[in-house]
Amino acid sequence: MLKNIIGICFISGVSDNRLLIASHIKPWSVSDNKERLDTENGFLLNVLYDKLFDLGIISFTETGDMLISKSLKEENIERLHITKSVNLIF
């Protein structure tokens, strides 16, 4: 996915490179060297969404719909301004 869109967060559309990080679908720690360099193993996210993704608080369906963990309290979902209607920007 990284090779398809460079320079924007796949969720928010933020384009400030200082706020973007490459998020790996298969975690770096359990990937071999080939998987770590695979441009299909990740997408750009802003740092907030990257942290939520790494912690398993948010995830995505194969069609790009956001999944939100039930462990995240509703009040925090609202404070973070995330909704299930968010869809990855492809």
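As a basis for the values below, the full set of heavy atoms in this structure was taken, side chains included, without hydrogen atoms, waters or symmetry mates.
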Discussion item. I need the minimum non-hydrogen distance between Gly56 and Ser69, along with the two atoms involved.
Written reply: O-CB, 3.9 Å

Practice prompt. With rounding to the nearest 0.5 Å, note down the distance linking CE in Met66 to CG in Leu52.
Written response: 8.0 Å

Worksheet entry | Inter-residue atom distance Leu80.CG - Tyr49.OH, 0.5 Å rounding | 8.0 Å

Worksheet item: Who are the side chain to side chain contact (heavy atoms under 4.5 Å, CB included) partners of Ser31, not counting sequence neighbours?
Response: Lys26, Glu35, Arg36, Asn41

Practice prompt. State the CG-CG distance between Asp32 and Leu37, to the nearest 0.5 angstrom.
Written response: 9.5 Å

Fill in: His24 side, atom NE2; Asp50 side, atom CG - distance, nearest 0.5 Å
9.5 Å

Worksheet item: Roughly how far, to the nearest 0.5 Å, is CD1 of Ile21 from CG of Asp54?
Response: 7.5 Å

Response to the item:
To the nearest 0.5 Å, atom CZ of Phe53 lies from atom CD1 of Ile11 at 8.5 Å

Worksheet item: Of all heavy-atom pairs between Ile8 and Ser15, which one has the smallest distance, and what is that distance?
Response: CG2-CB, 4.0 Å

Discussion item. For Phe60 together with Phe43, are the ring centres under 6.0 Å from each other?
Written reply: yes

Worksheet item: Ion pair present between Asp16 and Arg18, side-chain N to carboxylate O less than 4.0 angstrom?
Response: yes

Worksheet entry | Under the salt bridge (Lys or Arg N to Asp or Glu O under 4.0 Å) test, residues paired with Arg79 that sit two or more places apart | none

Discussion item. I'd like to check Leu45 versus Cys9 (side-chain heavy atoms, cut-off strictly below 4.5 Å). Are they in contact?
Written reply: yes

Response to the item:
Applying side chain to side chain contact (heavy atoms under 4.5 Å, CB included) to Ile77 and not counting sequence neighbours gives Ile68, Leu72, Glu74, Ile82

